[in-house]
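Since the structure comes first, as structure tokens, the remarks are kept for the end.
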Amino acid sequence: MRRFCNIIGSIFLIAFFLFSAYAYLYYEVSLTMENAFMEVGSDDIRDTGVSLSAHDPISILLLGVDSDEARGAVGRSDTIMVLTLNPHAGTAKLLSIPRDTRTEIIGRGYQDKINHAFAFGGAEMSVNTVQNFLGIPIDYVAAINMDGIEELIELVGTVTVTNPFEFSTDGFTFPEGVIHLNSAETLAYIRMRYEDPEGDFGRQRRQRDVLISLAQSLAIHAITNYQAILSATGEHLATNLPLEGLVTLATSYWQSFNNLEQLQLYGTGQMIDGIYYQIIEGEEVSAIRTTLRQHLGLE
């Protein structure tokens, strides 16, 4: 397991819980959340129900969608993360699942890339597929599209990073040294992989650098410009967490983030029938499953 969460998912997490923290204070934000609510009829694999009001440990599937639609089965979920919160222990765990992971797509009956589940069956099929893959219940789901991510970057203006080598991609040239990136440049900067001598590891390093800069800027902007942050998030967010659930997250689960552990499943690349997949070994999945089930208070 490599402790790393990709940039899109991490930005999404920051935005989602900033949204939660202020949702119960402002009526106009409440209306936005009503518009963001979606029904998800996923399989219930818990022996007993889960209660936010009782502060039970919960899991949330976070999806970054590569289309304008966060609610329907349009596009793929190129960011897939599972957040578990245990308010009794005061801890949180955030797992990143590689988008090319080969697994059974529940509802389709065959193996494919895990990020295709959203394209085939929206949030519901994504939830059922992730539950089957990890062997843990998914209690809630939240999805955000790329427009929402870009708006958050635009709100802070620029991010500042130190680029280790000069390269060009998507019509932009990034010189070596300290650079300041707008939203379009930032997305191009973190997407580049093939020209990096470190391959995907180099891309992950650039993602971490951007995340640190953006998270710091968002924290500052949240104090004076929270309404713009919430507006940008709400227009592009879909979740089955009701407004009262967000209120409970903001008031009773928030402290868990003081002890956040980041986890990532790591696999090996393999071509199968001409298609590239990440193959996650059973021992790797089993170790993650044990960690998350213990954190959720399950046997």
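Quick note: residue numbers are just sequence positions, from 1.
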(Q) For D56 versus P87, what's the shortest heavy-atom pair and its separation? (A) O-CD, 4.1 Å
Q) What's the shortest heavy-atom distance between P175 and N163, and which atoms? A) O-ND2, 3.0 Å
Q | Verdict with reasoning, F133 to L265, per side-chain contact (heavy atoms from CB on, under 4.5 Å) | A | CA-CA 12 Å; F133 174 61; L265 285 167; 3.5 Å; yes
Q. Is the side chain of S286 donor-acceptor paired with the backbone N or O of G282 at a distance under 3.5 Å, no angle test?
A. no
Q. Would you say S59's side chain and D139's backbone share a donor-acceptor pair under 3.5 angstrom?
A. yes
Q. Can you check whether V141's main-chain N or O pairs, donor with acceptor, with T239's side chain at less than 3.5 Å?
A. yes
Q.
Walk me through whether Y189 and E185 qualify under side-chain contact (heavy atoms from CB on, under 4.5 Å).
A. CA-CA 6 Å; Y189 182 76; E185 291 168 335; 6.0 Å; no
Q | Full working for side-chain contact (heavy atoms from CB on, under 4.5 Å) between Y140 and L52 | A | CA-CA 11 Å; Y140 301 100; L52 289 172; 3.5 Å; yes
**Q.** S96 side chain to M81 backbone, donor-acceptor under 3.5 Å
**A.** no
Q: Quick one: do R191 and T169 satisfy side-chain contact (heavy atoms from CB on, under 4.5 Å)? Show the steps, please.
A: CA-CA 9 Å; R191 283 170 172 163; T169 185; over 6 Å; no
Q) Would you say the side-chain atoms of N86 pair up with the backbone N or O of H295, donor to acceptor, closer than 3.5 Å? A) yes
(Q) Can you classify the ring geometry of F174 versus F167 as parallel (below 30°), tilted (30 to 60°) or perpendicular (above 60°)? (A) tilted
(Q) Has H88 got a side-chain atom pairing as donor or acceptor with H55's backbone, closer than 3.5 angstrom? (A) yes
Q. Do the side chain of E284 and the main chain of Y266 share a donor and acceptor less than 3.5 angstrom apart?
A. yes
